Amino acid sequence: MVLAKALRRNPRETAALIAETFDGGGLCAPPEIAGPGFINFRLESESLAARCADLLGDERLGVAPAPAPRTVVLDFSAPNVAKPMHVGHIRSTILGDCLGRIARFLGHRVVSDNHIGDWGTQFGMILWGWKKLLDESALASDPIAELLRVYREVNARAKADEALMEECKAELVKLQGGDPGNLAIWEKCVALSKEGLQRIYDRLDVSFDHWFGESFYNDRLAPLVEELLAAGIAEKSDGAVCVFFREDERLAGKPAIVRKSDGGFLYATTDLATIDFRVGELGADEIWYVVGAPQQLHFDQIFAAAKKRGQTVALRFIPFGSILGKDRKMLKTRSGDTVQLADVLDEAVVRARSIIEEKNPELPEEEKASIAEVVGIGSVKYAELSQFRMTDYVFDWDTMLSLKGNTAPYLINAYVRTRAIFRRLGAGFEPGGGRIVLAEEAERSLALRLAQYAETVPSVLDDFRPNALASYLYELATAYHHFWEACPVLKVEGDPRHTRLALCELTGRVLRHGLGLLGIRTTERM
RNA sequence: GCAGCCGUAGCUCAACUGGAUAGAGCAUCUGACUACGGAUCAGAAGGUUCGGGGUUCGAAUCCCUGCGGCUGCGCCA
């Protein structure tokens with residue numbers, strides 16, 4: 001129909017012409033024309049069966065590597081130092097990690113860089129609090145919690161006390177001026193925070209190639225601003241240095257400030273310096289920013305400024321919406337605080353554990369614990385990845401840990417069932433154990449689904465939609481359950497048995513692999 | 001005020017970027033089992049895709065407009 005439109009011809013006639021001249025070469029039956037001009041190709045069972053046999057021998061499960069691999073610097077997670085990660089960081093961390101896994105699998109060179117907020121105004125308050133409010137023993141037992149307590153308290157006090165706010169600013173100025181005492185405290189804070197963050201990343205199975213935080217760029221900022229001024233890209237305005245975008249209708253009234261009137265720099269400055277570094281030192285062809293949607297304007301400005309400087313690197317902003325509570329407001333605890341990521345993970349594991357306890361109490365303790373970890377963390381990740389990143393979504397334990405529907409437990413369970421067959425069989429899959437003959441409709445539709453993995457995985461990167469992969473896996477699991485109901489495996493013999501074992505084996509592999517691309521582990525039992 | 005994102009079943013979400021009768025899950029109702037793991041499956045019901053125009057063979061999707069929600073808008077990050 002697209003072709004007919006371009007040729008300005010009748011869609012049905014065009015379709016008929018194509019259908020007549022098409023030679024399926026044995027792959028599929030003669031095409032049929034339907035509706036306003038659709039052409040339906042029906043795969044022959046033999047070619048579909050041959051495809052399954054190929055997939056069984058293919059570690060990549062049919063997914064072709066990208067024809068033109070790129071070097072992608074992936075900017076995600078990026079929490080602030082001395083503040084705990086809260087649920088808002090969940091999306092960036094999980095989405096970014098997943099996109100990195102998929103890009104790597106497709107053959108791209110992915111350099112993940114955790115651009116942590118380890119420099120900035122918040123350190124004025126932290127330094128003041130460190131000196132006046134710090135509880136050393138609390139710091140020793142739980143550094144992150146103590147840093148948070150201090151930060152919150154100073155923040156609350158400073159809001160109501162202008163003199164205190166000035167003292168905080170003075171501490172910041174000392175730090176920025178290189179005061180040894182403040183620098184030492186700052187370094188200690190950063191080190192402690194990194195340890196705490198790493199523990200969460202370990203649990204999430206997320207890792208980074210680099211942690212080039214904001215402070216890494218400190219001595220590159222002044223020269224950058226001078227260069228911008230010299231090139232006529234930036235200009236002075238009310239004492240500050242700004243980049244204006246007068247030629248751009250949308251950004252015309254919204255300059256990016258790269259140096260404050262007091263001489264300080266801002267995150268726009270850092271972000272521009274960061275682009276230089278990533279292109280120059282990391283060899284980036286593309287930079288992907290997995291950052292919340294509210295930062296849209298900021299990235300529009302940064303990208304426009306980079307373009308003015310002649311940067312040709314492909315800059316991609318990958319925004320996402322907010323996580324809401326059941327009241328449809330930003331997720332908060334009962335006491336009104338932001339919800340901490342570590343608490344979310346703990347609760348997910350506890351809830352998963354109690355479900356396992358109920359369903360399968362006879363499993364060994366140790367196995368129960370590890371299953372609970374996989375299912376709990378997997379559920380949190382899957383809830384995130386299974387929906388379109390831009391929609392604000394409602395955080396709901398019962399939905400994400402449900403054993404039914406589009407959830408991690410359902411998918412992991414489907415995988416477990418594929419393994420159960422072979423456990424019962426007492427042996428692994430034997431590729432030479434017979435012929436694959438797709439006789440039943442449930443076998444055919446499952447095989448078709450399996451063959452579609454090849455096209456589903458690359459499509460995720462078209463618009464950065466992991467939910468497309470999630471939804472494929474869910475449909476695969478559903479197809480497998482239909483097959484399971486309709487086609488007994490171990491009660492038949494010969495080719496039907498081999499065919500069904502092959503389908504179980506392939507389904508298991510695709511589920512495990514696909515969940516792996518989402519950053520979710522599987523278990524053999526649950 | 002200006003800009004961005006969003007608005008789909010009672011609820012939570014899809015819809016391969018312009019295609020066929022808009023699909024799932026939850027909740028509701030009806031069925032199947034002494035089960036190769038029922039942690040399952042079959043079925044029913046549920047819709048003016050926020051309203052109104054437009055573009056075309058064809059619109060949830062693109063354009064215009066109104067309404068509603070969220071977010072951002074020169075010296076925080």
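Every chain is numbered from 1, with letters handed out A, B, ... down the list of sequences. All of these numbers come straight from a predicted model, not from anything done at the bench. When reading the values below, keep in mind they use all heavy atoms of this one structure, side chains included, and skip hydrogens, waters and symmetry mates.
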Shortest side-chain distance from [X], nucleotide among [options]:
{"X": "A:Tyr474", "options": "B:A24, B:C36, B:C13", "result": "B:A24"}
{"X": "A:Lys359", "options": "B:A39, B:A14, B:G19", "result": "B:A39"}
{"X": "A:Arg424", "options": "B:C13, B:C36, B:A39", "result": "B:C36"}

Please report the distance separating the [atom1] of [N] from the corresponding atom of [M], rounded so that it comes out in whole Å.
{"N": "B:G52", "M": "B:G46", "atom1": "C1'", "answer": "27 Å"}
{"N": "B:G25", "M": "B:A42", "atom1": "P", "answer": "9 Å"}
{"N": "B:A60", "M": "B:U8", "atom1": "C1'", "answer": "7 Å"}
{"N": "B:U21", "M": "B:C26", "atom1": "P", "answer": "27 Å"}
{"N": "B:G53", "M": "B:U48", "atom1": "C1'", "answer": "16 Å"}
{"N": "B:A59", "M": "B:A22", "atom1": "C1'", "answer": "12 Å"}
{"N": "B:U65", "M": "B:U55", "atom1": "C1'", "answer": "15 Å"}
{"N": "B:A44", "M": "B:G4", "atom1": "C1'", "answer": "43 Å"}

Length of the [atom1]-[atom2] vector between [X] and [N], whole Å:
{"X": "A:Met390", "N": "B:A15", "atom1": "CE", "atom2": "C1'", "result": "18 Å"}
{"X": "A:Tyr415", "N": "B:G37", "atom1": "OH", "atom2": "P", "result": "15 Å"}
{"X": "A:Asp398", "N": "B:G25", "atom1": "CG", "atom2": "P", "result": "18 Å"}
{"X": "A:Phe388", "N": "B:C16", "atom1": "CZ", "atom2": "C1'", "result": "13 Å"}
{"X": "A:Glu475", "N": "B:A15", "atom1": "CD", "atom2": "P", "result": "11 Å"}
{"X": "A:Leu473", "N": "B:G25", "atom1": "CG", "atom2": "C1'", "result": "16 Å"}

Using a strict 4.0 Å threshold on nitrogen-to-oxygen distance, state whether [X] and [Y] make a salt bridge.
{"X": "A:Arg389", "Y": "A:Asp463", "result": "yes"}
{"X": "A:Asp113", "Y": "A:Arg278", "result": "yes"}
{"X": "A:Glu162", "Y": "A:Arg157", "result": "no"}
{"X": "A:Arg259", "Y": "A:Glu226", "result": "yes"}

Query raised in the report: Quick check: are there more than 12 heavy atoms from other residues, nucleotides or ligands sitting under 6.0 Å from CZ of A:Arg521?
Result: no
Query raised in the report: For A:Glu524, does the CD atom sit with more than 12 other heavy atoms under 6.0 Å from it, leaving out its own atoms?
Result: yes
Query raised in the report: Do side-chain atoms of A:Trp186 reach the backbone of A:Asp118 as a donor and acceptor pair under 3.5 angstrom?
Result: yes
When you check every protein heavy atom under 4.0 Å of [range], what one-letter string (B, S, -) results, 5' to 3'?
{"range": "nucleotides 68-77 of chain B", "value": "---SSBBBSB"}
{"range": "nucleotides 40-47 of chain B", "value": "BSS-----"}
{"range": "nucleotides 56-63 of chain B", "value": "--B-----"}

Query raised in the report: Distance only, no hydrogens: is a donor on one side chain within 3.5 Å (strictly under) of an acceptor on the other, for A:Trp128 and A:Glu171?
Result: no
Query raised in the report: Are A:Asn406 and A:Tyr382 close enough that a side-chain donor and a side-chain acceptor fall under 3.5 Å?
Result: yes
Requested in this report: Give the ring-plane orientation class for A:Phe299 versus A:Phe317, where under 30° counts as parallel, over 60° as perpendicular and anything between as tilted.
Outcome: parallel
Query raised in the report: Taking the inter-plane angle between the rings of A:Phe395 and A:Tyr393 on a 0 to 90° scale, is it parallel (under 30°), tilted (30 to 60°) or perpendicular (over 60°)?
Result: tilted
Query - Summary of ring-ring contact (aromatic ring centres under 6.0 Å, His included) pairs that have at least one residue in residues 402-424 of chain A, sequence neighbours excluded - result: A:Tyr410-A:Tyr474, A:Tyr410-A:His481
Query - Audit row: A:Phe483, A:Ser445, side-chain contact (heavy atoms from CB on, under 4.5 Å) steps and yes/no - result: CA-CA 9 Å; A:Phe483 159 81; A:Ser445 50; over 6 Å; no
Report task. Scan A:Asn40 against the nucleic acid and name what it touches under 4.0 Å (heavy atoms): base, sugar-phosphate only, or nothing. Result -> base
Requested in this report: Report which part of the nucleic acid A:Cys504 touches: base, sugar-phosphate, or nothing (heavy-atom distance under 4.0 Å, all strands).
Outcome: nothing
**Report entry** Within residues 449-466 of chain A: residues closer than 4.0 Å to RNA chain B (heavy atoms)
**Finding:** A:Asp463, A:Arg465
Query - Contacts of A:Glu455 that satisfy side chain to side chain contact (heavy atoms under 4.5 Å, CB included) - sequence neighbours left out - result: A:Gln452
Report summary line: Heavy-atom nearest nucleotide on RNA chain B taken for A:Leu490 and for A:Phe38; more 5' hit belongs to A:Phe38
Report task. Between A:Met526 and A:Cys487, name the one whose nearest nucleotide on RNA chain B is closer to the 5' end. Result -> A:Cys487
**Report entry** Distance-only donor-acceptor test, A:Arg525 side-chain atoms vs B:G37 base atoms, 3.5 Å
**Finding:** no
